[in-house]
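What you are looking at is a predicted structure, and each value in this text was computed from that prediction instead of being measured. Below, chain A is the first sequence line, B the second, and so on; all start at residue 1.
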Amino acid sequence: MRLATWNVNSINARIETVIAWFRETQPDVACLQELKCVDEKFPFEAFEAFGYNVAVHGQKTYNGVALLSKQPLEDIRSGLPDGEGDDHARYIEAVVSGPRPIRVASIYLPNGNPIGTPKFDYKLAWMDRLQRHAAALLAYEEPLALMGDFNVIPEEMDADKPQSWADDALFQPQSRAAFRRLKNIGLTDAYMQIDGSPGGYTFWDYQAGAWQRNHGIRIDHALLSPQAADRLKGVAIHKDVRSWEKPSDHVPFVIELDL
DNA sequence: ATGGTAGACCTTCTA
C-alpha cells in the first residue's frame, strides 16, 4: 500500500501538476496540505475521475488539508481536539477501510514564524495538542500514519545550510524538542527507519535560487504507530517533481506499507 | 548586505 504526503501550495493553482503526478504514482492514499480553498472550491471531479474518495477540511486563502483514498474513508474527523478559538484548517484524519484498516492523518503544522510572536506560541501549543491526540490514537494499538508538513527540521542533517535556519521557527530548539516528544510517545519517523541518509530534503524555497543551489530542508514527515512501522517496506522522496513546470515548493514523500 | 518568489486577492498576508 502506497501512502503519500504533499504540500501542494494551492490545489487549484497546482491541479495539472498534481494530476500528472497522480497518474504517474497512483498512490492508494494521499494526504494534501495548503489547499488554500474552501471545501466547495476543491476540484473533487479531477480526483473522483481516478476513483478516489475525498475528504476535505478547507479554508479560504490559507491552510486547508485533504485525504484521498482508493478505498472508502470512514470515521472522518476534522480538526484537533481542544480547538475552541482555533479556526485554522490544519488537520483531518480518517480510517482507510480494507482487510487491514489504517488510520491516516493529513497534517499542516503551523509555520510559527516569526519567533517571539504569538505565531510561535501557537505553533508550540498546536504541537502539544497534536501530541495529546496522537497519544489517544496510539492507545487503539492499530496501524496509524500521521503524515504531513510538520514545519520542523528535526536535525542538522535535515538542512543543507543549518546555520541559515538558526533564527527560524522550523529549527528552534523548542520546535525540535516538541517534535522529539511527539515521536517519543511511540511513533517512528518512516524516513529515518528505512533510509536516514542526509540530504533527503522535501522543501526548497522559491526564493534566492534555493532549488538550484540545493538549499533544501526535510520538513514533510510520516510518523507511524508500531503496528504500521512493523509493516514499513520503503520510503521515497519524489525530488524530481521540484523541477517540473509550475512546481510546489514541497515535493511528495511516499511510504510503502505491507498492508 | 537582509537580497529573492509564489499564491490568494485587493493591499497586504503567509510562507
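A:Q207 places its CD atom 9 Å from the P atom of B:dG4, with the value rounded to the nearest Å. Separating the CG atom of A:D249 from the P atom of B:dT14 is a distance of 16 Å, rounded to the nearest angstrom. Spacing between atom CH2 of A:W211 and atom C1' of B:dT5 amounts to 16 Å, rounded to whole angstrom units. At whole-Å resolution of the value, NE2 in A:H250 and P in B:dT14 are 16 Å apart. The nearest whole Å value for the distance from the CD atom in A:Q212 to the C1' atom in B:dG4 is 11 Å. Atom CZ of A:F203 is separated from atom P of B:dT5 by 15 Å (rounded to the nearest Å). Distance A:D205 CG to B:dA6 P: 10 Å, rounded to the nearest Å. Taking atom NZ of residue A:K41 and atom P of nucleotide B:dG7, one finds them 17 Å apart after rounding to whole Å.
Listed by residue number, A:A13, A:R14 are the residues of residues 11-19 of chain A with a heavy-atom contact under 4.0 Å to DNA chain B. Of the residues in residues 108-123 of chain A, those lying under 4.0 Å from DNA chain B by heavy-atom distance are A:Y108, A:N111, A:K119.
The pair A:R2-A:E256 meets the salt-bridge criterion, since a charged nitrogen lies less than 4.0 angstrom from a carboxylate oxygen. For the pair A:D189 and A:R218, the salt-bridge criterion is met [side-chain N within less than 4.0 Å of a carboxylate O].
With 3.5 Å as the limit, one finds no donor-acceptor pair spanning the side chains of A:H215 and A:R213. Side-chain contact check for A:Y91 and A:E93: at least one donor-acceptor pair (N or O, by modelled atom type) lies under 3.5 Å. Looking only at atom types and distance, the side chain of A:D158 has no donor-acceptor partner in the side chain of A:Y201 under 3.5 Å away. Residues A:D220 and A:N7 have side chains that never bring a donor and an acceptor to within less than 3.5 angstrom of each other.
Taking CG of A:N151 as the reference point, atom CD1 of A:I219 lies at 5.0 Å (rounded to 0.5 Å). Separation of atoms CZ (A:R14) and OG (A:S248) is listed at 5.5 Å; rounding is to 0.5 Å.
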Side chain to side chain donor-acceptor pair (under 3.5 Å) evaluation trace for A:D149 with A:Q33: CA-CA 7 Å; A:D149 175 3; A:Q33 300 89 34; over 6 Å; no
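For A:E34, taking side-chain heavy atoms from C-beta onward, the closest of the listed nucleotides B:dA6, B:dA15, B:dA8 is B:dA15.
Put simply, A:R90 has no side-chain N or O that comes within less than 4.0 Å of OP1 or OP2 on B:dT14.
With P as the reference atom, B:dA8 and B:dG4 are 23 Å apart, rounded to whole Å.
Taking the nucleotide of DNA chain B with the nearest heavy atom to each of A:Y62 and A:S10, the more 5' of the two is matched to A:S10.
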